**Student:** 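I'd like to ask you about the structure that follows.
All values below come from the heavy atoms of this structure, side chains included, with hydrogens, waters and symmetry mates left out. This one's a predicted model, so the numbers in the text were calculated from it and none came from an experiment.
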Amino acid sequence: MPEELKHINSKYLIREEETDGHSPMKFLCSDDLIYYCKYRVTPKKQELDFLVYEIICHYLLRYLCIPTPNIALVELTKNSFDPKNLTRNRLYAKPGVICFGSQHIDSYLVNDTLLIDSKTAFNHLLNPADLIKIAIFDLWVYNTDRGKKGNFNLLVSTEFHKSVYYAFDNAFAFGGETGLGIFNPSFEVSSGDKLMSTGYFRSIIRFISKSERFEIAQNVLSLCHDESVRDIITKASVLIPEAWNTLPGLYPRIIEFLSSTQRLQKIEQLVYSSLSTI
């Protein structure tokens, strides 16, 4: 179940990241750790829903035992940054604003040139089976931003002399920008532009036996069906800052979306079909 969400302050702006999405601000924070901090970058107030998605998805990833960076709520302080050093965040990143913060970990980003081309390379991975979990997770929450145009939103860190996958940046779950305010169980279930359909995914999963793939999938899908999902969303919703002005109807809609038996059945069919063809 969701633990208490740490609330910290920004201490020093390192830089604003140049990305196509939220252009997170990289801050050293009051706990002496580094976080990538997101807030609004456009006039659209619904953009704050993306921060809610980040928190909800963090706890769902933890529920599925998928590695993901620690998170925190980061309050921007007056002397920790100069607005002149911000471009996309300049309008809305003000002192007192509470951002979503994802903790920095020493890692590199996965890209589609890093295919696993041998059993030796596969054996260097500590948690390759987690890619199956992540692929199912993305279908479940309708993540529109992992697997599209070579963007994986996967970090690889080194632990015990092996490579470990971390899933991060889940702001565009629940249909992303096109799903704001309207996502519902009738949304299409498809592997298009998803991790499961990429060459990178296939290059790894081919080294996992079909029986093991199906066992992993069965375990994850059973968790998706479980009643505890409702409790996770409900308890996570209490952690969301009031200043983000989240509409009360958002959380019941998320619960309905994730718990839809019809959607889960379609996901199950797609997952087993995809895993059987690798």
Side-chain angles (χ1 to χ4, degrees), residues 1-9 22 24 29-31 33 35-40 45-75 97-103 105 130 133-134 136-146 153 166-176 179-185 187 219-261 263-264 267:
M1 293 301 170
E3 67 273 14
E4 186 174 348
L5 188 55
K6 184 161 63 171
H7 192 141
I8 54 180
N9 297 320
H22 280 84
C29 292
S30 55
D31 60 356
L33 297 172
Y35 292 82
Y36 297 94
C37 302
K38 296 180 181 180
Y39 193 61
R40 291 171 60 190
K45 291 183 179 180
Q46 276 185 302
E47 190 180 350
L48 293 175
D49 283 3
F50 296 145
L51 309 185
V52 176
Y53 299 169
E54 288 275 24
I55 291 174
I56 295 290
C57 286
H58 170 81
Y59 289 114
L60 291 174
L61 286 166
R62 289 286 174 91
Y63 169 65
L64 298 178
C65 297
I66 297 171
T68 188
N70 293 329
I71 64 172
L73 296 175
V74 181
E75 183 171 341
V97 156
I98 298 175
C99 302
F100 166 81
S102 178
Q103 186 180 321
I105 59 174
D130 282 344
K133 295 182 181 180
I134 295 168
I136 296 172
F137 167 82
D138 286 345
L139 293 172
W140 186 36
V141 303
Y142 197 175
N143 186 354
T144 61
D145 198 30
R146 191 174 1 251
N153 286 336
Y166 282 78
F168 79 108
D169 194 354
N170 303 286
F172 291 153
F174 305 108
L180 279 172
I182 63 170
F183 70 88
N184 61 76
F187 269 29
N219 290 337
V220 174
L221 289 164
S222 67
L223 289 172
C224 295
H225 278 278
D226 197 275
E227 279 293 322
S228 57
V229 171
R230 180 183 298 271
D231 292 335
I232 291 170
I233 305 304
T234 301
K235 291 182 179 180
S237 69
V238 178
L239 306 176
I240 307 301
E242 290 185 11
W244 291 357
N245 294 319
T246 307
L247 293 175
L250 178 60
Y251 306 114
R253 187 186 298 123
I254 289 175
I255 291 171
E256 180 188 19
F257 187 79
L258 295 177
S259 303
S260 168
T261 301
R263 275 197 80 246
L264 287 167
I267 290 170

**Student:** Using a 4.5 Å cut-off on heavy atoms from C-beta on, say whether the side chain of Tyr36 contacts that of Asp169.
**Tutor:**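 Of all side-chain heavy-atom pairs linking Tyr36 with Asp169, none is under 4.5 Å.
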
**Student:** Taking CZ in Arg230 as the centre, count heavy atoms belonging to other residues, nucleotides or ligands within less than 6.0 Å. Is the count above 12?
**Tutor:**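 Count not over threshold, so no.
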
**Student:** Mind checking whether Ile98 and Glu242 have side chains closer than 4.5 Å, heavy atoms only?
**Tutor:**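 Of all side-chain heavy-atom pairs linking Glu242 with Ile98, none is under 4.5 Å.
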
**Student:** Out of curiosity, Tyr59 OH to Leu5 CG, how far, rounded to the nearest 0.5 Å?
**Tutor:** 4.5 Å

**Student:** Give the minimum heavy-atom separation between Asp130 and Cys65, together with the two atoms involved.
**Tutor:**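 Here Asp130 and Cys65 meet closest at OD1-O, 4.2 Å.
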
**Student:** Working to the nearest 0.5 Å, report the span between CD1 of Ile255 and CD1 of Ile232.
**Tutor:** 10.5 Å

**Student:** On a heavy-atom basis, which atom in Gln103 and which in Pro69 lie closest, and how many Å separate them?
**Tutor:** O-CB, 3.5 Å

**Student:** Not counting sequence neighbours, which residues clear salt bridge (charged side-chain N to carboxylate O under 4.0 Å, His left out) with Arg40? List them please.
**Tutor:** none

**Student:** Any side-chain heavy-atom pair from Leu33 and Ile8 closer than 4.5 angstrom?
**Tutor:** no

**Student:** Can you check whether Phe168's main-chain N or O pairs, donor with acceptor, with Thr68's side chain at less than 3.5 Å?
**Tutor:** no

**Student:** Once you round to the nearest 0.5 Å, how far does CD1 of Ile136 lie from CG of Leu221?
**Tutor:**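 Here the interatomic distance stands at 4.5 Å.
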
**Student:** To the nearest 0.5 Å, what is the distance between NZ on Lys6 and CD1 on Ile71?
**Tutor:** 11.0 Å

**Student:** With Val52, which of Ile55, Leu48, Ile56 fulfils side-chain contact (heavy atoms from CB on, under 4.5 Å)?
**Tutor:** Ile56

**Student:** Quick one, Val141 and Phe183 - any side-chain contact, counting heavy atoms below 4.5 Å?
**Tutor:** no

**Student:** Which residues satisfy the side chain to side chain donor-acceptor pair (under 3.5 Å) test with Asn184, sequence neighbours excluded?
**Tutor:** Ser186

**Student:** Using the salt bridge (charged side-chain N to carboxylate O under 4.0 Å, His left out) criterion, which residues pair with Glu54? Sequence neighbours excluded.
**Tutor:**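 Counting only residues at least two positions away or on another chain, Glu54 forms a salt bridge (charged side-chain N to carboxylate O under 4.0 Å, His left out) with Lys38.
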
**Student:** Can you tell me if Thr144 uses its side chain to pair, donor with acceptor, with the backbone of Phe172 under 3.5 Å?
**Tutor:**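 Present.
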
**Student:** Taking all non-hydrogen atoms of both residues, which atom of Phe257 and which atom of Pro185 are closest, and how far apart?
**Tutor:** CD1-N, 3.8 Å

**Student:** Are any non-hydrogen side-chain atoms of Trp140 and Leu64 less than 4.5 angstrom apart?
**Tutor:** yes

**Student:** Would one find more than 12 heavy atoms of other residues, nucleotides or ligands at under 6.0 Å from atom CG of Leu180?
**Tutor:** yes

**Student:** About how many Å separate CG of Leu139 and CZ of Arg263, when rounded to the nearest 0.5 Å?
**Tutor:** 8.0 Å

**Student:** What's the separation between atom CD1 in Ile134 and atom CD1 in Ile66, rounded to the nearest 0.5 Å?
**Tutor:**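 Rounded to the nearest 0.5 Å, the CD1-CD1 separation comes to 5.5 Å.
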
**Student:** Is the shortest side-chain heavy-atom distance between Arg146 and Phe137 below 4.5 Å?
**Tutor:** yes

**Student:** Measuring only between side-chain heavy atoms, which start at C-beta, is Asn170 closer than 4.5 Å to Tyr53?
**Tutor:** no

**Student:** Which pair of heavy atoms, one from Thr246 and one from Leu250, lies closest together, and at what distance?
**Tutor:** CG2-CD2, 3.4 Å

**Student:** Sub-3.5 Å donor-acceptor pair from the side chain of Ser237 to the main-chain atoms of Thr234, do we have one?
**Tutor:** yes

**Student:** Minimum heavy-atom separation for Cys224 and Leu264, please, with both atom names.
**Tutor:** CB-CD2, 3.8 Å

**Student:** Would you say the ring centers of Tyr142 and Phe187 fall short of 6.0 Å from each other?
**Tutor:** yes

**Student:** Looking at side-chain heavy atoms only, is the closest gap between Phe174 and Phe50 below 4.5 Å?
**Tutor:** no

**Student:** Any idea which heavy atoms bring Cys29 and Val74 closest together, and the distance?
**Tutor:** SG-CG1, 3.8 Å

**Student:** Starting from the C-alpha separation in whole Å, work towards a yes-or-no answer on side-chain contact (heavy atoms from CB on, under 4.5 Å) for Asn70 and Arg62.
**Tutor:** CA-CA 10 Å; Asn70 293 329; Arg62 289 286 174 91; 2.7 Å; yes

**Student:** Does Asp226 form a side-chain contact (heavy atoms from CB on, under 4.5 Å) with Tyr63? I'd like the steps, not just the answer.
**Tutor:** CA-CA 11 Å; Asp226 197 275; Tyr63 169 65; 3.3 Å; yes

